[in-house]
2 protein chains.
Amino acid sequence: MATQTPAPAAGLRETKKHETRQLISDHATRLFIAGGFEQTTIAEIAAAARVAKKTVTNYFPRKEDLALDHQEEFAASLARAVTARRPGESVLAALRRAFADAVAAQDPVAGFSGQEFARMIADSPTLTACLRGLHDQREHHLAQVLADVTAAEPGDITVQTAAALLGTVHRVLFHRIQTLTLAGHPNDQIAHTVAAEAARAFDLLEPGLADYA
Amino acid sequence: MATQTPAPAAGLRETKKHETRQLISDHATRLFIAGGFEQTTIAEIAAAARVAKKTVTNYFPRKEDLALDHQEEFAASLARAVTARRPGESVLAALRRAFADAVAAQDPVAGFSGQEFARMIADSPTLTACLRGLHDQREHHLAQVLADVTAAEPGDITVQTAAALLGTVHRVLFHRIQTLTLAGHPNDQIAHTVAAEAARAFDLLEPGLADYA
DNA sequence: GGCTAACTTTACCTCCGTCGTAAGTTTACG
DNA sequence: CGTAAACTTACGACGGAGGTAAAGTTAGCC
C-alpha cells in the first residue's frame, strides 16, 4: 500500500524528534503569549519543556523561529497561487482570487491569527522585522515565478516591479487584518470588511497590470 | 582673567562631543568596509577610536546606527517630496520627479552608495533587515502625508495601498541601483539605465494613480 | 547482544545591548 | 566671585542570544 503521507516510517526516533519539537514549540508560544516575546528567555522555554537550552536552539536556530511557524508556506504562497492559476487567468486575477479565498477561509497565512498572537508580534520589534523579511522573501519568490512565465530576464525591471506591487497589496491587506484583529474585531466581521477593501486595493493595480502575463 | 564667556556658549563640551562621535563613526565605517559588518565587533571599533565600549553604544545605541547614517532623512524623503510638490501636481508625478532628480544628482539617499558600501550592506543580514525597516518607515510617513492631503481616515485602505505602491516603486528602483552598483557599473551608466527603467516602473502605476490627490 | 550513528546534554565562549556608578562641566545662587 | 547643586558623559559590569566542542545516551542494524 503506497501511502502518500510521509508516514512515521516506524521511526521511533523520528516520532520522538517530532514530539520534542512540538513540545518545545507549544511551551514557547504559551510563554511568549503570557509574558511577551522579548521578555521570555530561551532558558525559560527550555526549563518549561524540560530540555537543554541547546536542544531548543538546535530545533529552532533563531528565537523568532519559535514564534513564527509555517514560514516557508507563507513565503511560497503567492508564487504557488500564480503557478496554480487557471488557464488563461491573468496573474493579477489569480492573486486577487487567492486572497479572496484566503479571507473566506480565514487563513492564518493571510493574517488571521488570534488577538493574543497579533499582540505578541506587534509588541516585538524582532518579530515585526522578521515578518518584514518574510514579506520580502515572498515577493522574491513571486518575482522568480513571474520571470519564468514571462520568459524575461531575472533583473528585468517590469518583472521586479510587478512582483513588488502585487506582493505589496497582499502585504497591506495582511497588515490590515492584523490591525483589525488587534482592535478586537471578530474574524467574521474582519473577513467581510477586508473583502470589500481588497477589491478597492486590487483595483488600483487593475488598469496597469490587468493584461500582464 | 576672562570673566565672561557668553559667546562660546559652552562650546567646549559640544565640540568634544561632536568630535568624539565623528571619530567613532569614521573608525567604524573604515573597519566595517575592511572586515565586514558582522565580523567587526564594537570592541574593535572602541579600541580603534581609543574609547570605552560603552561610549560607542552611548552615541550609537544599535550597531546598525554605526553603518547607516542619515536614516531620518531617508525615511522622510518621500513624504517631503509630496508636501513640497508643485501646485496642481499629482502625488505620483511629484514622486516620479523626485526620483528622477535624485538619480540625476546620484543621491546616496536614492541608493548611490559606493561599491564597497553596497557590498557591506548586501553581506550583512542585520543591515539588510534594517534597510527593510527604513523602507517601511518611509512608507508610513508617506501614508501619513497622503492621509493629510486627502483628508481621509488614517486607516483608509486606499491611502495605505497608494502609499505602499508608491513607496514600493521607489524601493524596487533603490535595490536596482544597489544591484548595479554591486555589479561594478559606474554611477553615470547606472543613472542612465535606471532613469529609463524608472519610467517603465512608474508607468505601471500611472493608469491607477494618475489622478490621485 | 554488540556496534554505529544520531540526538541530547553539558560546559564554555563571544558579542550585543542595558544597567548602575563615578567624574567632569555648566549653571544657579549666595 | 566663589561654591554647590544638577546635568551630562565615560566607565566597568551584568544578562541573554547564538555558536562550538566534547561526552553521554539512545535508536537502528546487523
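The sequence lines fix the lettering, A, B, ..., with proteins before strands; numbering per chain opens at 1.
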Query - Note: B:Asp136-B:Arg132 ion pair, threshold 4.0 Å (strictly below) - result: no
Requested in this report: Taking ring pair (Phe, Tyr, Trp, His ring centres under 6.0 Å) as the test, write out the residues that go with B:His141, two or more places apart.
Outcome: none
Query - Gap between atoms CZ and C1', on B:Phe32 and C:dC16 respectively (whole Å) - result: 12 Å
Query raised in the report: Taking CD from A:Glu19 and C1' from C:dC7, how many angstroms apart are they, rounded to a whole number?
Result: 15 Å
Report task. Let me see the working for A:Asp26 and A:Arg30 under salt bridge (Lys or Arg N to Asp or Glu O under 4.0 Å), right down to the final yes or no. Result -> CA-CA 6 Å; A:Asp26 289 345; A:Arg30 179 176 57 80; over 6 Å; no
Query raised in the report: Between A:Lys63 (NZ) and D:dG16 (C1'), how many Å, whole number?
Result: 8 Å
Report task. For DNA chain D, find the residues of residues 36-60 of chain B with a heavy-atom distance under 4.0 Å and give them by number; none if there aren't any. Result -> B:Val51, B:Ala52, B:Lys54, B:Thr55, B:Asn58, B:Tyr59
Query raised in the report: Whole-Å distance between D:dT25 C1' and A:Lys17 NZ?
Result: 16 Å
Query raised in the report: Under the 3.5 angstrom rule, does the side chain of A:Asp65 hit a backbone N or O of A:Arg62 as a donor-acceptor pair?
Result: yes
Report summary line: In short, A:Glu139 meets A:Ala164 closest at the heavy-atom pair OE2-CB, 3.3 Å
Query - Protein-nucleotide distance (B:Leu66, atom CG; C:dC16, atom C1'), rounded to Å - result: 12 Å
**Report entry** From CG (B:Leu146) to OG1 (B:Thr158), nearest 0.5 Å
**Finding:** 11.0 Å
Query raised in the report: In whole Å, what is the span from the CZ atom of A:Arg62 to the P atom of C:dC15?
Result: 22 Å
